Amino acid sequence: LRGNYARYNEKTAYAMLTNRALMIQIDKGDSLYVHADTIMSVEDSIPDFRIIKAYYHVKIFRHDIQGKCDSLVYTDVDSAFRFYGEPVLWSEEIQLTAEYISIFTSERKLSKINLENTAFITSVEDTGKYNQIKGRDMFGYFENNELVRIDVNGNGETLYYARDKDDIIGANKAAGSNMVIFLKNRKFDRILFVNQPDAIFYHIDKLPEKTKFFEHFKWYG
């Protein structure tokens with residue numbers, strides 16, 4: 001933990017840092033950086049474990065995932081980061097948003113991610129064209145720090161642009177309660193609908209303007 005101003009209480013092991021506060025989870029391969037206005041470290045109720053709280057203008061960075069939110073809590077006991085206040089994460093070209101986001105790590109590697117309430121995944125296909133997946137909740141899984149699978153639970157919808165070689169020829173829109181999304185090289189590879197979806201294919205010239213964006217769509221760039 002670093003900062004230009006710090007307080008530490010030896011008896012309670014309470015630490016507070018501000019003025020360019022920074023937390024670094026050190027890893028040989030790629031350390032994780034958390035920056036915020038203020039970072040606090042307190043003892044957990046479970047002995048030998050700590051809770052770290054970062055609040056206001058939180059930003060995280062490592063080469064495979066970046067993000068920002070209003071506040072963040074890291075619990076040492078389960079190696080979990082919990083994001084609050086309009087959280088948004090990026091994994092290469094994929095943007096992930098939800099009301100609440102949690103990332104779990106194991107042995108300093110990304111393990112899984114939970115997106116709760118109004119979960120939304122977006123990627124840019126072309127200028128003004130966005131692949132979109134939304135649902136009530138989503139649960140993602142990593143292999144070697146790469147997001148490889150996402151389970152969508154409840155109210156699942158997708159809008160995905162189709163190409164013929166380099167040209168976009170249309171858009172697939174589908175709705176089904178649950179689905180499983182597989183990713184390859186941090187890009188959408190295929191979608192498996194658990195239930196029979198209601199689906200329609202629009203030729204690119206006949207795609208209605210109101211169909212281009214789902215409710216709650218936001219692109220932070």
Side-chain angles (χ1 to χ4, degrees), residues 27 29-35 58-69 72 81 83 86-105 109-153 156-175 179-193 199 201-202 204 207 209 211-221:
D27 181 70
D30 183 29
S31 296
L32 173 69
Y33 297 82
V34 178
H35 180 275
V58 176
K59 296 180 181 178
I60 71 163
F61 177 85
R62 56 184 280 168
H63 85 281
D64 44 24
I65 196 162
Q66 301 84 41
K68 65 178 186 176
C69 62
L72 175 150
F81 293 86
F83 302 80
E86 296 188 16
V88 53
L89 298 177
W90 295 273
S91 179
E92 294 293 333
E93 296 141 2
I94 298 172
Q95 174 185 283
L96 306 102
T97 59
E99 191 172 344
Y100 306 105
I101 297 179
S102 302
I103 292 181
F104 298 85
T105 62
K109 291 184 178 181
L110 301 175
S111 173
K112 59 182 180 178
I113 180 171
N114 295 349
L115 295 91
E116 301 176 58
N117 297 340
T118 321
F120 213 117
I121 300 176
T122 314
S123 69
V124 177
E125 185 63 37
D126 203 349
T127 304
K129 297 179 177 63
Y130 300 86
N131 297 317
Q132 299 159 63
I133 300 170
K134 64 175 291 189
R136 186 181 62 243
D137 303 313
M138 298 186 191
F139 305 94
Y141 304 91
F142 293 86
E143 289 182 4
N144 297 320
N145 288 325
E146 185 174 318
L147 190 61
V148 295
R149 172 182 156 183
I150 300 169
D151 295 345
V152 181
N153 290 353
E157 294 183 73
T158 67
L159 178 68
Y160 200 84
Y161 286 90
R163 287 181 178 268
D164 182 9
K165 296 181 180 179
D166 294 331
D167 298 323
I168 296 176
I169 58 173
N172 288 297
K173 185 178 181 181
M179 64 184 77
V180 181
I181 303 157
F182 297 94
L183 300 96
K184 191 174 183 179
N185 299 323
R186 297 189 178 94
K187 293 183 179 180
F188 300 128
D189 184 43
R190 58 193 175 95
I191 300 172
L192 172 66
F193 289 90
F201 178 81
Y202 293 96
I204 196 62
L207 179 63
E209 192 67 28
T211 305
K212 290 183 178 180
F213 303 102
F214 287 141
E215 186 182 4
H216 304 299
F217 170 86
K218 287 184 180 180
W219 179 251
Y220 292 92

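Everything numeric here is computed off the predicted structure, so don't read it as measured data.
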- prompt: Parallel, tilted or perpendicular for Trp90 and Tyr220, by the 30°/60° rule?
  reply: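 Because their plane-to-plane angle is over 60°, the rings of Trp90 and Tyr220 count as perpendicular.
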- request: Hey, can you tell me if Phe120 and Phe217 have their rings parallel, tilted or perpendicular (30° and 60° cut-offs)?
  value: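 Because their plane-to-plane angle is over 60°, the rings of Phe120 and Phe217 count as perpendicular.
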Report, one line per pair, each donor and acceptor closer than 3.5 Å where one atom sits in a side chain of residues 145-153; sequence neighbours left out.
from   : atom 1 : to     : atom 2 : distance (Å)
Asn145 : OD1    : Leu110 : N      : 2.7
Glu146 : OE2    : Asn185 : N      : 3.1
Arg149 : NE     : Asp151 : OD1    : 2.9
Arg149 : NH2    : Asp151 : OD1    : 3.3
Arg149 : NH2    : Asp151 : OD2    : 2.9

- request: Tell me, please, which residues at least two apart from Asp64 pass salt bridge (Lys or Arg N to Asp or Glu O under 4.0 Å).
  value: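 Listed in chain order: Arg62.
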By salt bridge (Lys or Arg N to Asp or Glu O under 4.0 Å) - contacts of Glu99 (at least two apart):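 Here no residue qualifies.
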State which residues pass side chain to side chain donor-acceptor pair (under 3.5 Å) with [X]; sequence neighbours excluded, sorted by chain then number.
| X | value |
| --- | --- |
| His63 | Asp30 |
| Glu215 | none |
| Gln132 | none |

- request: Would you sort out whether Leu207 and Tyr161 count as a side-chain contact (heavy atoms from CB on, under 4.5 Å), showing the intermediate values?
  value: CA-CA 11 Å; Leu207 179 63; Tyr161 286 90; 3.6 Å; yes
Please name the pair of heavy atoms, one in [X] and one in [Y], separated by the smallest distance, quoted to 0.1 Å.
| X | Y | result |
| --- | --- | --- |
| Ile133 | Met179 | CG2-SD, 4.3 Å |
| Asn131 | Tyr160 | OD1-CA, 3.5 Å |
| Gly170 | Phe201 | CA-CZ, 3.7 Å |
| Ala199 | Ala174 | CB-CB, 3.9 Å |
| Tyr100 | Asn117 | CE1-ND2, 3.8 Å |
| Lys218 | Gln95 | O-NE2, 2.7 Å |

task: Could you give me the CA-CA distance, side-chain angles and deciding distance for Ile94 and Leu183, then say whether side-chain contact (heavy atoms from CB on, under 4.5 Å) is met?
output: CA-CA 10 Å; Ile94 298 172; Leu183 300 96; 3.1 Å; yes
At what distance, to the nearest 0.5 angstrom, does [atom1] of [X] lie from [atom2] of [Y]?
| X | Y | atom1 | atom2 | result |
| --- | --- | --- | --- | --- |
| Lys68 | Glu86 | NZ | CD | 9.0 Å |
| Lys59 | Gln66 | NZ | CD | 12.0 Å |
| Ser123 | Lys129 | OG | NZ | 13.5 Å |
| Phe61 | Ser31 | CZ | OG | 11.0 Å |
| Lys134 | Ile121 | NZ | CD1 | 13.0 Å |

Side chains of [X] and [Y], heavy atoms from C-beta outward: is any pair under 4.5 Å?
| X | Y | answer |
| --- | --- | --- |
| Tyr130 | Leu159 | no |
| Ile204 | Ile169 | no |
| Lys109 | Phe142 | no |
| Thr211 | Tyr202 | yes |
| Ile101 | Ile113 | yes |
| Leu32 | Thr105 | no |

- request: Kindly indicate, with the supporting measurements, whether the criterion side-chain contact (heavy atoms from CB on, under 4.5 Å) is fulfilled by Val88 and Phe83.
  value: CA-CA 9 Å; Val88 53; Phe83 302 80; over 6 Å; no
- prompt: What's the verdict on side-chain contact (heavy atoms from CB on, under 4.5 Å) for Asn114 and Phe104, showing C-alpha distance, side-chain angles and the deciding distance?
  reply: CA-CA 9 Å; Asn114 295 349; Phe104 298 85; 3.6 Å; yes
message: Around atom CG of Asn144, are there more than 12 heavy atoms from other residues, nucleotides or ligands closer than 6.0 Å?
response: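 It does not: Asn144 CG has 12 such atoms or fewer within range.
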